[in-house]
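All values below come from the heavy atoms of this structure, side chains included, with hydrogens, waters and symmetry mates left out. The sequence lines fix the lettering, A, B, ..., with proteins before strands; numbering per chain opens at 1.
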Number of protein chains: 2
Amino acid sequence: MKIATTSGELRAHNRVRLLRAVHDCGAARTRSQLTRDLGLARGTASVLVAGLADDELLHEEPASEHARGRPTQVPGPHPHGPLALAADVREDAWELAACELGGRVTVLEVRPHDGTPEGALAPLGEAVAAHRRRLGHRVVGVGMALPGPVRHGGLVAITHLGWRSVNVPALLGLHPHAAHRGGSEPPDLPIVGNDTAFAALAEARRGRLRGVRVGLHLHVDFDLGGVLVVDGHPLGGAGETGAEFGHMPLGGGDRPCDCGAIGCWGMDVGANALLRHAGLAYGGGRGREQAEQVLATNEEAVATVARALGRGVAALVNAHDPEVVTLSGLGAELWERAGEALLAAGEPYLMTIRRDRPPRIEGSALGWRGALLGAMESVFDAFLTTEGLELWRKNHPDQARDTPDQQNVMHSTFEGENPI
Amino acid sequence: MKIATTSGELRAHNRVRLLRAVHDCGAARTRSQLTRDLGLARGTASVLVAGLADDELLHEEPASEHARGRPTQVPGPHPHGPLALAADVREDAWELAACELGGRVTVLEVRPHDGTPEGALAPLGEAVAAHRRRLGHRVVGVGMALPGPVRHGGLVAITHLGWRSVNVPALLGLHPHAAHRGGSEPPDLPIVGNDTAFAALAEARRGRLRGVRVGLHLHVDFDLGGVLVVDGHPLGGAGETGAEFGHMPLGGGDRPCDCGAIGCWGMDVGANALLRHAGLAYGGGRGREQAEQVLATNEEAVATVARALGRGVAALVNAHDPEVVTLSGLGAELWERAGEALLAAGEPYLMTIRRDRPPRIEGSALGWRGALLGAMESVFDAFLTTEGLELWRKNHPDQARDTPDQQNVMHSTFEGENPI
DNA sequence: AGTTTATGCTCTAGCCGTGAACAAAACCCT
DNA sequence: AGGGTTTTGTTCACGGCTAGAGCATAAACT
């Protein structure tokens with residue numbers, strides 16, 4: 001986070017801190033708690049909240065439970081406040097959702113696709129554009145998770161689907177538009193990222209890696225992704241194409257991988273490996289249901305995959321000394337069904353000092369939703385900055401400040417539910 | 001870095017920023033440059049510099065080269081300013097140095113030792129204590145690099161020397177003293193760290209990883225250490241015992257390692273591996289000279305080790321996507337003598353997308369000095385914070401503010417050189 | 001109904017950085 | 001040599017910010 005150096009930046013900074021705190025706690029803390037947690041004076045908090053409410057970023061509601069004194073308010077998302085659109089594109093389907101400040105998610109659309117870049121992305125692009133039109137200026141960004149390495153700018157390579165260097169923003173039809181009014185760069189370009197990195201981000205903010213200084217997150221689906229999470233941030237690598245722990249030769253074999261290397265660990269862990277061990281056809285992002293059947297019925301195949309997973313986990317624990325290792329997607333199910341085999345296979349590969357104080361291993365708290373939630377968090381990460389809020393202020397229609405009539409209209413919309 | 005939230009913290013913050021900038025550039029930039037780089041108003045810089053000079057943290061000297069206008073000053077270390085003590089403890093010898101703000105290093109002592117914890121650390125502890133007495137309040141911290149994983153609190157395991165869980169601060173005789181005057185926690189405890197992590201830190205601040213967002217640093221001596229450097233910080237892991245990339249099974253073998261695991265990559269890279277391939281005795285931290293002879297004469301052994309290094313580097317590049325890979329210690333020499341073999345061996349293990357834009361591989365800019373310099377940097381990292389500077393102010397003898405006589409005395413000491 | 005308690009609101013004091021005006025100290029040109 | 005130019009350091013009025021105190025408020029407790 002950038003630091004303030006002038007008294008003017010100070011205010012902008014505290015606005016961000018307050019909004020960030022509201023978002024991170026899921027809009028569940030009272031104003032007085034927030035005031036204490038952020039170390040602010042009550043007067044300062046008063047001014048800040050008033051300003052943010054004026055900008056339609058926050059809206060206070062009375063707290064439901066009271067203690068002794070004067071009842072306090074709970075700052076939450078404003079009914080006209082910022083929204084993040086987020087999509088999780090998998091090998092065989094995609095999901096699109098909207099999310100408001102605080103993290104409440106509304107799923108908008110789910111649709112299967114044929115695995116081609118156009119077949120997957122063109123309809124998604126249309127759906128995004130339609131919802132963006134509908135929601136107008138409230139949409140502050142679009143996040144998109146994809147199951148492969150994503151270069152800066154949205155070039156995606158998903159070798160096991162035959163995507164070589166797919167320009168995701170272009171296929172979505174979400175080119176950066178002409179300059180907004182206001183002049184500054186509009187946040188029109190989607191934030192495209194790796195599903196594993198997003199799942200890790202979600203885990204760090206709202207899952208089992210919350211408050212963890214150094215964690216390791218492994219996301220298992222058809223193949224295996226892994227990434228280190230440090231102080232709440234997944235490490236993306238230089239071109240944002242990190243999170244590829246699955247392509248280290250930790251499995252011991254030398255089978256050629258679709259990625260172009262040999263011996264990749266990821267080939268021995270995931271749905272494809274399950275199908276292979278069960279003697280079924282695999283590859284091309286097909287066979288999710290068969291894989292789940294193997295997972296449920298073929299104990300030997302499950303144990304073999306769990307052992308491969310365990311061996312690699314041990315290697316990564318040696319190298320990075322994480323506090324917690326979290327497993328999402330299939331990984332969580334492997335951990336549940338064959339945790340013993342996983343641990344036993346890793347044991348010989350652990351350093352003695354790691355055996356003395358091994359990291360916790362846990363299934364994800366977010367299940368298969370991680371990637372979607374992480375994409376959403378990344379949009380808010382970009383928005384909850386001094387620049388992001390400044391842009392909101394600029395591109396925002398004038399708030400009803402002077403006209404009391406409009407104030408009343410606004411209040412009337414507060415009454416009912418407003419589904420996104 | 002902590003962020004400021006009140007106007008009071010603002011000042012403290014800018015003091016840190018200015019001092020940090022002076023330190024990072026090696027006291028080579030003029031005040032006007034610093035003012036521009038930090039985005040300060042000239043007036044603000046004026047006040048800040050005056051305050052820091054008052055606290056004996058900075059001392060301005062006229063710039064040697066002039067441009068057109070009024071000549072500017074160069075802020076540098078104050079003759080009574082803070083000093084960091086730093087030691088590099090290797091398997092067969094240690095080195096102790098002092099360093100002032102800006103990074104000028106004075107080597108104080110070098111001494112071989114017998115490889116036992118007491119034999120190595122007791123004399124070092126005495127030397128540190130003696131210099132600390134001599135230099136008094138100017139010593140703001142002691143940093144110490146050791147060739148093995150270091151747990152928080154200074155417990156070190158160097159398995160290839162038979163050190164199991166050595167309490168370094170205790171053996172140094174540097175227990176935390178009784179409370180300082182001032183009350184706050186004194187910085188008496190040495191900052192004990194892994195040599196690889198320190199070498200990486202030095203590389204990030206004053207070497208080839210400067211300004212690099214994601215880098216990978218590998219330090220090869222008797223064994224192999226490796227660590228990721230993100231935004232100028234080596235990733236320590238949960239218990240600060242990260243930096244152990246050498247203990248992943250990237251070599252392909254299954255030989256048992258001293259660390260308790262099997263198949264560790266580090267066994268195939270480093271002085272021990274060189275000795276082994278040459279058919280010589282190895283282990284116990286002995287044989288540095290023989291290893292250097294092997295390096296100079298036995299091409300086949302060198303190539304074998306370089307290939308093992310290259311294979312692991314490829315795996316790590318896949319996983320982390322670093323911008324630059326730096327090699328220090330023996331690694332730099334291996335790179336120089338057998339860079340081709342290293343690259344060729346790594347090639348098959350690289351993902352296609354990594355082959356398209358491979359990271360730069362470079363020898364360290366700091367040679368064998370990295371660990372020592374990194375230990376020094378870590379002391380300044382702890383000192384150049386709002387808390388560190390506040391402590392300096394408190395524990396500092398009163399500055400000669402009102403008495404002009406003392407001012408003159410001070411100026412007389414400015415004249416001569418003052419060797420540390 | 002009065003007391004207690006925690007919170008929200010308002011206003012002043014103190015601190016900080018900005019930016020303008022001025023002073024200083026060099027270089028450049030005639 | 002001397003005046004103009006250029007860049008930097010210094011000083012100060014100004015606006016912005018947060019802290020903290022005092023007061024108002026609204027509930028729970030007695």
*asked:* Nearest 0.5 Å, please: how far is CG in A:D37 from SG in A:C25?
replied: 8.5 Å

Could you give the side-chain donor-acceptor pairs of residues 39-50 of chain A under 3.5 Å, partners two or more places apart or in another chain?
from, atom 1, to, atom 2, distance (Å)
A:S46, OG, A:R31, NH2, 3.2

*May I have the distance from B:D37 (atom CG) to D:dT8 (atom P), rounded to whole angstrom?*
12 Å

*Separation of atom CD in A:Q33 from atom C1' in C:dT7, rounded to whole Å*: 13 Å

Could you write out each protein N or O paired with an N or O of nucleotides 18-22 of chain D at a distance under 3.5 Å?
from, atom 1, to, atom 2, distance (Å)
D:dT18, OP1, A:N14, ND2, 2.8
D:dT18, OP2, A:R11, NE, 3.0
D:dT18, OP2, A:R11, NH2, 2.8
D:dA19, OP2, A:A41, N, 3.0
D:dA19, OP2, A:T44, OG1, 2.9

_With a 4.0 Å cutoff (strictly under), does any side-chain N or O of B:T72 reach OP1 or OP2 of D:dT7?_
no

*In whole angstrom, what separates B:E60's CD from D:dT8's P?*
13 Å

*Please round to the nearest 0.5 Å and tell me the distance separating atom NE2 of B:H23 and atom CD of B:E377.*
3.5 Å

_Heavy-atom closest contact (B:F380 atom, B:P82 atom, distance)_ = CZ-O, 4.3 Å

_Under 3.5 Å: donor-acceptor pair, side chain of B:R138, backbone of B:G81_ = yes

*In whole angstrom, what separates B:Q73's CD from C:dA25's P?*
11 Å

*Bend angle of the helix from C:dA1-D:dT30 to C:dT30-D:dA1, end axes from five pairs each (to 10°)*: 0°

*Any donor-acceptor N/O pair, B:W392 side chain to B:F383 backbone, under 3.5 Å*: no

_Distance, rounded to the nearest Å, where A:H13 contributes NE2 and C:dC16 contributes P_ = 18 Å

_Heavy-atom pair with the smallest gap, counting every atom of B:L57 and B:R15_ = CD1-NH2, 3.9 Å

Could you write out each protein N or O paired with an N or O of nucleotides 26-30 of chain D at a distance under 3.5 Å?
from, atom 1, to, atom 2, distance (Å)
D:dA27, N3, A:R68, O, 3.2
D:dA28, O4', A:R68, O, 3.2
D:dC29, O4', A:R68, NE, 3.2
D:dC29, O4', A:R68, NH2, 3.4

*Which value, rounded to the nearest 0.5 Å, describes the distance between B:L10 atom CG and B:R17 atom CZ?*
9.5 Å

*A:D381: what forms a salt bridge (charged side-chain N to carboxylate O under 4.0 Å, His left out) with it, not counting sequence neighbours?*
A:R20, A:R205

*Using a cut-off of strictly less than 4.0 Å, decide whether A:S46 has a side-chain nitrogen or oxygen near OP1 or OP2 of C:dT10.*
no

*Atom-to-atom span, CG of A:L34 to P of C:dT7 - whole angstrom*: 12 Å

*For A:S32 and C:dA6, is the shortest distance between a side-chain N/O and OP1 or OP2 below 4.0 Å?*
no

*Please list, chain by chain and in numerical order, all residues satisfying salt bridge (charged side-chain N to carboxylate O under 4.0 Å, His left out) with B:R11, sequence neighbours excluded.*
none

*Backbone N or O of B:R208 within a donor-acceptor pair of the B:E203 side chain at under 3.5 Å?*
yes

